[in-house]
Amino acid sequence: MKSLRSIIGCTAAGLVLLTACRNDAPKTGSPGKAAQTYMTYAYARDFEQFANAFIFASDTVEPDRHDANVRAVKEILDEKGDEFYLPTDSVAQIRILTEDIDETGQRAKVTLETVCHGGRRDTTVHDLVKTGDEWKFIEIK
């Protein structure tokens with residue numbers, strides 16, 4: 001299983017994606033639970049929900065930039081998502097290994113482990129930021 005960070009680079013938007021069982025993202029609670037939910041979206045091929053799990057550095061440049069970024073990410077993943085994610089039925093479990101929230105309570109690093117039915121494992125660290133009462137992946141490049 002490959003990390004999206006190491007594979008996809010969006011051109012004009014300058015996006016580099018981070019990798020990623022419920023339909024609704026947690027509105028409150030832990031960044032680990034949010035990251036776990038968002039990765040479930042990716043494995044379930046719900047790329048619109050997955051793309052909406054991000055805050056992009058370019059979102060602050062212009063008011064409608066976020067929607068354009070989400071559309072760009074969704075289009076890329078609709079086209080190439082099978083190259084990056086296993087099918088949901090291959091994933092046995094997405095485990096939260098670590099969850100480190102900074103002293104401000106606004107940023108976190110979460111380590112997730114994806115365990116497949118065949119025993120294959122992948123560990124990925126995700127950066128998250130709190131926006132309102134939600135935790136989102138942050139793309140700062």
Side-chain angles (χ1 to χ4, degrees), residues 1-11 13-141:
M1 196 174 332
K2 299 177 182 177
S3 162
L4 273 177
R5 171 176 273 164
S6 66
I7 299 172
I8 294 182
C10 298
T11 54
L15 306 176
V16 178
L17 289 178
L18 306 170
T19 57
C21 293
R22 297 176 290 219
N23 257 350
D24 297 319
K27 296 292 184 204
T28 59
S30 78
K33 285 291 190 188
Q36 187 180 48
T37 298
Y38 299 149
M39 289 311 299
T40 301
Y41 295 151
Y43 292 120
R45 305 295 195 272
D46 188 344
F47 296 136
E48 185 166 358
Q49 286 277 46
F50 181 64
N52 271 305
F54 288 86
I55 296 295
F56 303 95
S58 62
D59 286 352
T60 60
V61 175
E62 52 189 278
D64 295 327
R65 187 75 240 159
H66 181 75
D67 291 339
N69 287 339
V70 168
R71 280 192 305 277
V73 169
K74 184 183 178 310
E75 287 173 12
I76 289 169
L77 292 175
D78 281 341
E79 182 180 325
K80 299 189 179 274
D82 290 340
E83 296 175 28
F84 308 112
Y85 297 106
L86 298 168
T88 302
D89 59 359
S90 295
V91 176
Q93 185 178 30
I94 301 171
R95 294 180 40 213
I96 303 165
L97 298 181
T98 64
E99 179 183 79
D100 297 314
I101 302 172
D102 75 1
E103 63 280 350
T104 69
Q106 298 302 302
R107 289 192 177 246
K109 283 199 178 291
V110 173
T111 304
L112 294 181
E113 178 185 50
T114 301
V115 181
C116 299
H117 289 291
R120 186 174 171 189
R121 295 173 185 268
D122 179 61
T123 303
T124 308
V125 177
H126 303 277
D127 293 310
L128 288 93
V129 65
K130 194 167 193 179
T131 60
D133 59 355
E134 289 183 291
W135 285 98
K136 298 238 180 177
F137 290 133
I138 183 161
E139 179 45 57
I140 53 178
K141 297 194 187 279

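Values below: every heavy atom of this structure, side chains too, minus hydrogens, waters and symmetry copies.
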[atom2] on [Y] to [atom1] on [X], rounded to 0.5 Å:
X    : Y    : atom1 : atom2 : value
L77  : K74  : CG    : NZ    : 9.0 Å
S30  : I96  : OG    : CD1   : 5.0 Å
I94  : K33  : CD1   : NZ    : 11.0 Å
I55  : F137 : CD1   : CZ    : 12.0 Å
H126 : T124 : NE2   : OG1   : 5.0 Å
F54  : L128 : CZ    : CG    : 9.0 Å

* **Under the salt bridge (charged side-chain N to carboxylate O under 4.0 Å, His left out) test, residues paired with K136 that sit two or more places apart** =>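 None.
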* **Residues that A108 engages under side chain to side chain contact (heavy atoms under 4.5 Å, CB included), provided they are two or more places apart** => P31, I101, W135
* Can any side-chain N or O of R45 pair as donor or acceptor with the backbone N or O of Y43 at less than 3.5 Å? ->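 Present.
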* Residues forming a side chain to side chain donor-acceptor pair (under 3.5 Å) with T111, sequence neighbours excluded ->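 Here the qualifying residues are T98.
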Does a side-chain heavy-atom distance below 4.5 Å link [X] with [Y]?
X    : Y    : result
L97  : T123 : yes
V91  : V115 : no
I138 : R107 : yes
Y38  : N52  : no

* To do: Mind jotting down which residue pairs meet the salt bridge (Lys or Arg N to Asp or Glu O under 4.0 Å) criterion with at least one end in residues 93-105? Sequence neighbours excluded, please.
  =>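 Qualifying pairs, neighbours excluded: R95-E113.
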